[in-house]
Amino acid sequence: MTTKMPVLFVGHGSPMVALEDSNITRAWKKIAENIPQPMAILAISAHWYGDDNRIQSDQKPKQIYDMYGFPMELYEIKYEPKGDLPLTKRVQELLGSSLTIDDDWGIDHGTWSVLVHMYPKVDIPVVQLSINMKASGKQLFEIGERLMPLRDEGVLLFGTGNIVHNLRKAKWGMEDGTPEADEFDQWVKERILERDVDAIMNYKAHPLAPYAAPTPDHFIPLLYILGATRAGDEITVFNEVRQLGSISMTGYLWGPSA
């Protein structure tokens, strides 16, 4: 019998988190220990974005070090899970002709910097789905809705980004968040707990959205994941902290095992 899976949004933060042992990384490990073991992971990372909907089919997707200027130790981390062609084909069935195969990308740091803590044995296949920056909030949510059946097929839907992500406003010596970051992150949390999906789909209307999400790439993985949630899901909030002033690490888990 196939295990029913929750859905997960993770605030991934700096790539250096891959090397850390902290309250944040330990929370990721605890989640992996407490949810069912997935048969495969469909990852939706802020770092693979473009003009349309793309998915990987490679049986051995390459690990991408899509960051620059970090210590060599970070580039020595190896996280190279297998792909899952049946999952790729299943997503094609669910999303239809709007989805194209693209194996020029790989497993980027938005994905592997978290999974290296959650599943360090690298024994779960991973397929990445791109984010479509031309789609509206409603369209992104609807893609998530169409992916919902995967939850009943043992697949973990895994979105990774940051609800507040503004590197231009980062305060590198600051350990917590600015008032603006705190307010927007709290607003999103309240809307999630109230299941006010319309407000989140239209997050750009919030007066602090230009500060919190000056570009949509790190926010919109949340919209895909929200689309795959169900009314009966329990909601768990974790890593509810801000860093460097303008980065939110807050994550959410939806599901019966939350």
Side-chain angles (χ1 to χ4, degrees), residues 1-12 23-46 81 84 86-87 90-91 93-95 110-121 123-129 131 137 140-163 185 188-201 218-241 248-258:
M1 182 176 178
T2 303
T3 301
K4 297 182 183 296
M5 296 300 299
V7 292
L8 180 64
F9 174 82
V10 172
H12 68 70
N23 289 338
I24 287 171
T25 64
R26 287 191 288 272
W28 295 341
K29 292 177 182 178
K30 185 176 180 180
I31 287 169
E33 291 169 357
N34 290 336
I35 67 174
Q37 181 88 346
M39 295 176 61
I41 296 171
L42 182 66
I44 304 168
S45 165
D84 189 325
L87 175 56
R90 179 67 173 128
V91 176
E93 291 176 1
L94 294 170
L95 299 187
T111 297
W112 60 257
S113 67
V114 179
L115 293 185
V116 73
H117 294 286
M118 292 184 67
Y119 301 108
K121 294 181 180 179
D123 55 352
I124 300 172
V126 177
V127 173
Q128 277 204 196
L129 177 70
I131 57 176
L140 297 167
F141 181 85
E142 289 172 346
I143 291 172
E145 285 185 311
R146 292 160 71 181
L147 295 172
M148 192 187 301
L150 296 174
R151 295 183 59 180
D152 299 327
E153 300 168 16
V155 177
L156 176 63
L157 297 175
F158 171 82
T160 171
N162 296 99
I163 289 168
D185 203 30
V188 171
K189 175 187 172 182
E190 291 171 356
R191 299 292 80 73
I192 287 175
L193 295 178
E194 293 172 3
R195 304 182 191 274
D196 187 355
V197 171
D198 288 339
I200 300 172
M201 286 194 295
H218 278 70
F219 188 91
I220 60 180
L222 175 65
L223 299 178
Y224 286 87
I225 295 302
L226 277 172
T229 64
R230 292 169 173 152
D233 286 336
E234 297 178 32
I235 304 172
T236 299
V237 186
F238 59 93
N239 289 343
E240 191 181 351
V241 295
S248 164
M249 298 300 291
T250 308
Y252 297 91
L253 178 71
W254 292 262
S257 298

Q | Which residues share a side chain to side chain contact (heavy atoms under 4.5 Å, CB included) with Met118, sequence neighbours left out | A | Leu8, Trp28, Ile31, Ala32, Val114, Leu115, Phe158

Q | Distance, nearest 0.5 Å, that separates CD1 of Ile41 from CE of Met39 | A | 12.5 Å

Q: Please identify each residue that fulfils side chain to side chain donor-acceptor pair (under 3.5 Å) with Glu145, with sequence neighbours left out.
A: none

Q: Hey, could you give me the CG/CG distance between Leu129 and Leu95, rounded to the nearest 0.5 Å?
A: 6.5 Å

Q. Any idea which heavy atoms bring Gly161 and Ala46 closest together, and the distance?
A. CA-CB, 4.0 Å

Q: Can you measure from NE2 (His12) to CD1 (Ile24) and round to the nearest 0.5 angstrom?
A: 12.5 Å

**Q.** Side chains of Ile192 and Leu222 in contact at under 4.5 Å (non-hydrogen atoms)
**A.** yes

**Q.** Set of ring-ring contact (aromatic ring centres under 6.0 Å, His included) partners for Tyr252, sequence neighbours left out
**A.** Trp254

Q | Residues in side chain to side chain donor-acceptor pair (under 3.5 Å) contact with Glu240, at least two apart in sequence or another chain | A | Lys189

Q | Side-chain heavy atoms of Leu140 within contact of Ile131, under 4.5 Å | A | no

Q.
Check this for me: Lys30, atom NZ, are more than 12 non-hydrogen atoms of other residues, nucleotides or ligands nearer than 6.0 Å?
A. no

Q | All side chain to side chain contact (heavy atoms under 4.5 Å, CB included) counterparts of Asn23, not counting sequence neighbours | A | Arg26

Q: Provide the full list of salt bridge (charged side-chain N to carboxylate O under 4.0 Å, His left out) pairs with a residue in residues 148-158, sequence neighbours left out, each pair given once.
A: Lys4-Asp152, Arg90-Glu153, Arg151-Asp233, Asp152-Arg230

**Q.** Set of residues satisfying side chain to side chain donor-acceptor pair (under 3.5 Å) with respect to Asp185, sequence neighbours excluded
**A.** Arg242, Ser248, Thr250

**Q.** Heavy-atom side-chain proximity of Pro38 to Pro125 below 4.5 angstrom
**A.** no

**Q.** With Thr111 via side chain to side chain donor-acceptor pair (under 3.5 Å) - residues at least two apart
**A.** Gln128

**Q.** Among Thr229, Leu223, Ile44, Ile163, side-chain contact (heavy atoms from CB on, under 4.5 Å) partner for Phe9
**A.** Ile163

Q. Do you know which two heavy atoms are closest between Ala40 and Leu87, and how far apart they sit?
A. CB-CD2, 3.9 Å

Q) Looking only at heavy atoms, which two atoms of Ser45 and Gly110 are closest? And how far apart? A) OG-CA, 3.8 Å

Q: Quickly, which of Asp84, Leu147, Val7, Val126 forms a side-chain contact (heavy atoms from CB on, under 4.5 Å) with Leu42? Name it, please.
A: Leu147

Q | Least distance between heavy atoms, Ala228 atom then Leu157 atom | A | CB-CD1, 3.5 Å

**Q.** Nearest-0.5 Å distance, CD1 of residue Ile200 to CG of residue Leu226
**A.** 5.0 Å

Q) Who pairs with Ala199 by side chain to side chain contact (heavy atoms under 4.5 Å, CB included), at least two apart in sequence or on another chain? A) Trp187, Arg191, Asp196

(Q) Let me confirm one number: the OH-CD distance from Tyr119 to Glu33, rounded to the nearest 0.5 Å. (A) 10.0 Å

**Q.** Ile35 and Leu156: CA distance, side-chain angles, deciding distance, side chain to side chain contact (heavy atoms under 4.5 Å, CB included) verdict
**A.** CA-CA 10 Å; Ile35 67 174; Leu156 176 63; 4.3 Å; yes

